[in-house]
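See below for the structure under consideration.
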Amino acid sequence: MIHPKQIRTRFAPSPTGMMHIGNLRTALYEFLVARSENGKFILRIEDTDRGRLVEGSVDVIFRTLKDVGLSHDEGPDIGGGFGPYIQSMRKDIYAPYAHQLVKEGKAYYCFCTRERLDSLRNASSDPDISNAGYDRHCRNLTSSDIQTRIDSCEPFVIRQKMPLSGHTTFTDAVFGEITVDNNELEDQILLKSDGFPTYNFANVIDDHLMDITHVVRGSEYLSSTPKYNLLYEAFGWEIPEYVHLPLIMGRNEDGSVSKLSKRHGATGFDDLVRDGYLKEAIINYIALLGWCPADNTEIMSVRDMISKFRISGISKSPAVFDYDKLRWFNSEYIKALPHEDFCEMIRNYLESVNTSGALNTSMIAELIQTRISQLTEVPEMISFFRDLPEYSTDLFEHKKMKTTQQLSLLHLQEILPSLESLNDWSLTSIHDFLISYALKKEIKNGQIMWPIRTALSGQPSSPGGAVELMHILGKSESVRRIEKAIILLDNTITE
RNA sequence: GGCCCUAUGGUCAAGCGGUCAAGACGCCGCCCUCUCAAGGCGGAAUCAGGAGUUCGAUUCUCCUUAGGGUCACCA
């Protein structure tokens, strides 16, 4: 289908706290739908629910979009030809539209109290009763009745009259044709008693006024889309293209799945960053939750996504958020980082371990760059450089290295003096020295490497082997740790 | 419960009437190797079930089953 008009999509979050991963992914797809066709991506803040506003969350939205590279063309901060872009600042726009529909007989005043609505809901737990929620009690009030109640300041809402029969059909770009019976549709509230529009209403008005061509959102809106369309039709406006996205699911403890939410763990963008995931990895991973490029590329920048994106690549079935795969993406991004950038990223960690100032932190960084999947793993991985942990001499026994505690003790004792007199403490020098020792003694390299590496790290495994660790730790610290190992081994064996 | 949607390995998924049913994560094995990683190679594992349509169904239709979403003066 050819669109003569330029594509315009919008991200319309409510400032109610953190940036949920599902929202971010929606924003990404909205961005991609527009940018892949040279369209415009608009940011609009939907703050019609005064009760749920959270201080500072608008800034979170700005910052997150910026962090992941989703730049908008119009929005509260940069303006545009369709402002204002914050719904609370548009408050006066909506009411006239609602009243227009009342005048045209397509909407009506409703004076029902919350108490009445609540009792209605409780009473209709009966299965075979009408499905359409509200019982349309005020739909046919006489005009004089309405006037007296308004005059006496009775609070009211404005509801839209839904057709009592027939059905509504629309075509979604990813789910195809969907039909719903009109008698399933409630007489929806357009204007709340506080004068603010409901989300649905404001959404339609703004999307129309802002010339939005493609409404991209989660598939949880699929079943309420007919209501939107009835609104567009009531006004005689052109209905936008719909692009509903498959839901992102989280795995529950019992193995079932449901819409990704807090109980599934870190689901906010900031949470994930705090957990040591790179921004690029996060956006890359969630891009693939429900979309697959034609060439099956996995590692992609937002820039790459723009050129590869096609709506036809969006899938219909929900996708389970997989932290393992996210970790993999993250480790790929970490490995691809330029050395300097990686050092800078983990600088605090490196400094906390280098209290003496003597360690070669650049080399430590190099060693761990291929060994971590999350930045948060760094402290534990490098802490031994600063403080040799308490360890058991059992560590010196290694079947594959063919080492025992006795042999370890023997070789450590034997090599220590000449090690102390080794002047050139470069990697190659240390390496050659150890190898020649093994050669001379006619033992496997591992039989000398393993005891040293163990003595230096006090751990069953470490980033880097004996040579690297000795080099980083320096001669005096290396010797000190080997001496300690000798004492430990000696004590254990003679016991 | 009503309505709507979905259904390829454990997970993300390619496929769009004829394929030995891609690839990735994870898992397992081997190689490399001074530990652990990284890297290389290989392996196990999928079309929910049943009717049709068709010469032929993973692919089209229907039913069943399972899962999900939605039923607010929330967005």
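Per chain, numbering begins at 1; letters A, B, ... match sequence-line order.
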- Message: Among residues at least two apart in sequence or on other chains, which ones pass side chain to side chain donor-acceptor pair (under 3.5 Å) with A:Gln405?
- Response: A:Thr393, A:Asp394, A:Glu397
Output a table of nitrogen or oxygen pairs between the protein and nucleotides 61-68 of chain B separated by less than 3.5 Å.
| residue | atom | partner | partner atom | Å |
| --- | --- | --- | --- | --- |
| B:G68 | OP1 | A:Val257 | O | 3.0 |

- In chain order, what residues pass the side chain to side chain donor-acceptor pair (under 3.5 Å) check against A:Ser362, with sequence neighbours excluded? A:His339
- Task: Can you run down the salt bridge (Lys or Arg N to Asp or Glu O under 4.0 Å) pairs that involve residues 437-451 of chain A, sequence neighbours left out, and say none if there aren't any?
- Result: A:Glu414-A:Lys441
Polar-atom pairs under 3.5 Å, protein N or O versus N or O of nucleotides 22-24 of chain B: list them with distances, or write none.
| residue | atom | partner | partner atom | Å |
| --- | --- | --- | --- | --- |
| B:A22 | N1 | A:Asn296 | OD1 | 3.1 |
| B:A24 | O4' | A:Glu298 | OE1 | 3.2 |
| B:A24 | O2' | A:Glu298 | OE1 | 2.4 |
| B:A24 | O2' | A:Lys325 | NZ | 3.0 |
| B:A24 | N3 | A:Lys325 | NZ | 3.0 |

- Message: By the 4.0 Å heavy-atom rule, please label A:Val467 as base, sugar-phosphate, or nothing.
- Response: base
- Note on the structure: Sorted by chain and residue number, the ring-ring contact (aromatic ring centres under 6.0 Å, His included) partners of A:Phe11 (sequence neighbours excluded) come out as none
- Note on the structure: Sequence neighbours excluded, the answer for side chain to side chain donor-acceptor pair (under 3.5 Å) partners of A:Gln87 is A:Glu46, A:Asp206
- Task: Please determine if a side-chain N or O atom of A:Ser315 lies less than 4.0 Å away from the OP1 or OP2 oxygen of B:A13.
- Result: yes
Dump every N/O contact between nucleotides 72-75 of chain B and the protein below 3.5 Å, one line per pair.
| residue | atom | partner | partner atom | Å |
| --- | --- | --- | --- | --- |
| B:C73 | O2' | A:Arg114 | NH1 | 3.3 |
| B:C73 | O2' | A:Arg114 | NH2 | 3.2 |
| B:C73 | O2 | A:Ser193 | N | 2.8 |
| B:C73 | O2 | A:Ser193 | OG | 2.8 |
| B:C73 | N3 | A:Ser193 | OG | 3.0 |
| B:C73 | N4 | A:Cys112 | O | 3.3 |
| B:C74 | OP2 | A:Lys192 | NZ | 2.8 |
| B:C74 | O2' | A:Asp49 | OD2 | 2.9 |
| B:C74 | O2 | A:Arg52 | NH1 | 3.3 |
| B:A75 | OP1 | A:Thr48 | OG1 | 3.1 |
| B:A75 | OP1 | A:Asp49 | N | 3.4 |
| B:A75 | OP1 | A:Lys192 | NZ | 2.7 |
| B:A75 | OP2 | A:Tyr199 | N | 3.1 |
| B:A75 | O3' | A:Ser14 | OG | 2.2 |
| B:A75 | O2' | A:Ser14 | OG | 2.8 |
| B:A75 | N3 | A:Tyr221 | OH | 3.1 |

Restricting to nitrogen or oxygen on both sides, can you table the protein-nucleotides 37-39 of chain B pairs closer than 3.5 Å?
| residue | atom | partner | partner atom | Å |
| --- | --- | --- | --- | --- |
| B:A37 | O2' | A:Thr370 | O | 2.6 |
| B:A37 | N3 | A:Thr370 | OG1 | 3.4 |
| B:A38 | O3' | A:Lys335 | NZ | 3.0 |
| B:G39 | OP1 | A:Lys335 | NZ | 3.1 |

- Item | Qualifying ring-ring contact (aromatic ring centres under 6.0 Å, His included) pairs with a residue from residues 425-457 of chain A, counting only residues at least two apart or across chains | A:His398-A:Trp450, A:His411-A:Tyr437
- Message: A:Tyr242: which residues meet the side chain to side chain donor-acceptor pair (under 3.5 Å) condition with it, sequence neighbours left out?
- Response: A:Asn229
- Quick one: list whatever passes ring-ring contact (aromatic ring centres under 6.0 Å, His included) with A:Tyr109, sequence neighbours left out. A:Phe156
